[in-house]
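Within every chain, numbering begins at 1; the chains are lettered A, B, ... in the order of the sequence lines, protein sequences first and strands thereafter.
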There are 2 protein chains.
Amino acid sequence: MDDEGDLFKAIGDATRRAILDELADQDGQTLFEICGRLTMKHGLASSRQAISQHLGVLEQAGLVHTRREGRYKFHHLDTSPLRAITERWPVDQPDPS
Amino acid sequence: MDDEGDLFKAIGDATRRAILDELADQDGQTLFEICGRLTMKHGLASSRQAISQHLGVLEQAGLVHTRREGRYKFHHLDTSPLRAITERWPVDQPDPS
DNA sequence: TTGACAGGCAAGTTGACACTTGCGTATAAG
DNA sequence: CTTATACGCAAGTGTCAACTTGCCTGTCAA
């Protein structure tokens, strides 16, 4: 799949959108931290492996960048690929009152 | 599926994104017009029924509105639901040079 | 070194969805 | 009325991806 398709596929899943929300709330979390907070706040009972696969999809779409440090791997949010969406189909800015 | 999921599901398919492109290029087309132009310009060999189902998904997501006139049904693009994406994950405006 | 911790890899299963197929309905042209 | 046009509906099919399951690798502490 091309890069463009990767982006839309990435945000097409509800669990991955929750992960993006979580990283937007607190950036630079590890896999286990994300698992814990998703279970707490969103009530999602997702396994570690499932979240890991989701993070892989998000990383391939360029929405998440990773940084290794010892046995920890920190995940960082990057929203810039989302610009392609509103640039492709321009959205009128409403109510400039 | 909730409204939010409908939006992301709608733009998650490549054929539906091509339909949005087509309506952005020329608004208010009928089903048959869209079929013809998709075949010409994008080389997509999609059946009428397939495009019809795609338009139904786009309409449910609020990205397309329809208007009936006799035996014709015109499809109009509405990009405003896309605002929810960049509002949910704010995108830094780059390069303000 | 032993064990716990953080994460990775890969095969198998299941459900969702894109697409087809066939028929039905309504409008308009001849 | 007959025919063509424009579109709708619904059941069946096949494929893909989300998830599970099981095992493996690398890092750090005791």
Side-chain angles (χ1 to χ4, degrees), chain A residues 1-23 26 28-39 42-61 63-76, chain B residues 1-23 26 28-39 42-61 63-76:
Chain A
M1 185 181 285
D2 52 355
D3 290 356
E4 166 198 301
D6 287 344
L7 170 65
F8 290 101
K9 174 190 165 190
I11 61 174
D13 183 85
T15 302
R16 284 194 287 268
R17 292 196 295 274
I19 293 175
L20 293 180
D21 289 339
E22 201 46 55
L23 288 178
Q26 176 160 353
Q29 297 188 64
T30 68
L31 172 59
F32 274 51
E33 285 173 331
I34 295 172
C35 286
R37 296 180 60 142
L38 282 183
T39 305
H42 299 260
L44 298 179
S46 299
S47 70
R48 176 186 62 87
Q49 291 85 344
I51 302 298
S52 177
Q53 289 171 356
H54 282 309
L55 286 170
V57 175
L58 290 171
E59 188 172 8
Q60 190 172 350
L63 290 166
V64 164
H65 298 166
T66 58
R67 167 177 55 99
R68 265 257 173 211
E69 209 163 297
R71 59 176 165 175
Y72 298 105
K73 187 179 183 181
F74 301 102
H75 300 80
H76 295 270
Chain B
M1 184 181 285
D2 52 357
D3 290 355
E4 165 197 301
D6 287 343
L7 171 65
F8 290 101
K9 173 189 166 189
I11 60 174
D13 182 84
T15 302
R16 283 194 288 267
R17 293 195 295 273
I19 293 176
L20 293 180
D21 290 338
E22 200 48 54
L23 288 178
Q26 175 160 354
Q29 297 187 65
T30 68
L31 172 59
F32 274 51
E33 286 173 332
I34 295 172
C35 285
R37 296 180 61 140
L38 281 183
T39 306
H42 299 261
L44 298 179
S46 298
S47 70
R48 175 186 65 87
Q49 291 85 344
I51 302 297
S52 177
Q53 290 171 354
H54 282 308
L55 286 170
V57 175
L58 289 171
E59 189 172 7
Q60 192 172 351
L63 290 166
V64 165
H65 298 167
T66 60
R67 166 176 57 98
R68 258 236 122 100
E69 209 160 298
R71 61 175 164 176
Y72 299 104
K73 187 178 183 182
F74 300 101
H75 300 81
H76 295 270

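The CZ-P distance, from A/R48 to D/dA18, rounds to 18 Å in whole Å. Whole-Å rounding puts the B/L58 CG to C/dA18 P distance at 10 Å. Nucleotide C/dG7 holds its C1' atom 12 Å from the CD1 atom of A/I34, rounded to whole Å. In this entry the distance linking CD1 of B/I19 with C1' of C/dC19 reads 13 Å, nearest Å. Protein atom OH of B/Y72 is 9 Å distant from nucleotide atom P of C/dA28, rounded to whole Å. Nucleotide C/dA6 holds its P atom 16 Å from the CZ atom of A/R67, rounded to whole Å. Nucleotide C/dA26 holds its P atom 18 Å from the CG atom of B/L31, rounded to whole Å. Between B/E69 atom CD and D/dA6 atom C1' there is a gap of 14 Å when expressed in whole angstrom units.
Residues of residues 10-18 of chain A having a heavy atom closer than 4.0 Å to DNA chain C: none are found.
Side-chain atoms of B/R48 and B/L31, non-hydrogen and from C-beta on, do get closer than 4.5 Å to each other. Using a 4.5 Å heavy-atom threshold, the side chains of A/L63 and A/V57 count as separate. Taking 4.5 Å as the limit, some side-chain heavy atom of B/E4 sits within range of a side-chain heavy atom of A/R17. At least one side-chain heavy atom of B/F74 sits less than 4.5 Å from a side-chain heavy atom of B/T30. Side-chain atoms of A/L55 and A/I34, non-hydrogen and from C-beta on, do get closer than 4.5 Å to each other.
Between the NE2 atom in A/H75 and the CZ atom in A/R67 there is a gap of 11.0 Å [rounded to 0.5 Å]. Taking CG from A/L58 and NZ from A/K9, the interatomic distance works out to 10.5 Å, rounded to the nearest 0.5 Å.
Between B/H54 and C/dC17 there is no side-chain polar atom (N or O) within less than 4.0 angstrom of OP1 or OP2. OP1 or OP2 of C/dG8 sits under 4.0 Å from a side-chain N or O of A/S52. Distances shown here put a side-chain N or O of A/S47 below 4.0 Å from the OP1 or OP2 atom of D/dT20. OP1 or OP2 of D/dG8 sits under 4.0 Å from a side-chain N or O of B/K73.
Checking D/dC28, C/dG7, D/dA6 against the side-chain heavy atoms of A/F32 singles out C/dG7 as nearest. If you check C/dA6, D/dT20, D/dA17 against the side chain of A/A50, the one that comes closest is D/dT20. Comparing atom distances between the B/Q49 side chain and each of C/dG8, D/dC28, C/dG22 picks out C/dG22 as nearest.
For the pair B/T15 and B/S46, the tightest heavy-atom approach, listed with the atom from each and the gap, is CG2-OG, 4.3 Å. Contact between B/S47 and B/C35 at its shortest, heavy atoms only, is O-SG, 4.5 Å.
With hydrogens and angles left out, the side chain of A/Q53 and the base of D/dT20 share a donor-acceptor pair within 3.5 Å. If you check distances only, the side chain of A/R68 never reaches the base of D/dG26 with a donor-acceptor pair under 3.5 Å.
End-to-end axis angle for the helix from C/dT1-D/dA30 to C/dG30-D/dC1, using five pairs per end and rounding to 10°, comes out at 20°.
Mapping A/R71 and A/S46 onto DNA chain D by nearest heavy atom places A/S46 at the nucleotide closer to the 5' end.
Residue-level contact check: B/T30 touches the backbone only, with heavy atoms under 4.0 Å from sugar-phosphate atoms and none from bases.
Partners of B/R16 according to the salt bridge (charged side-chain N to carboxylate O under 4.0 Å, His left out) rule, which considers only residues two or more places apart in sequence or in another chain, do not exist here.
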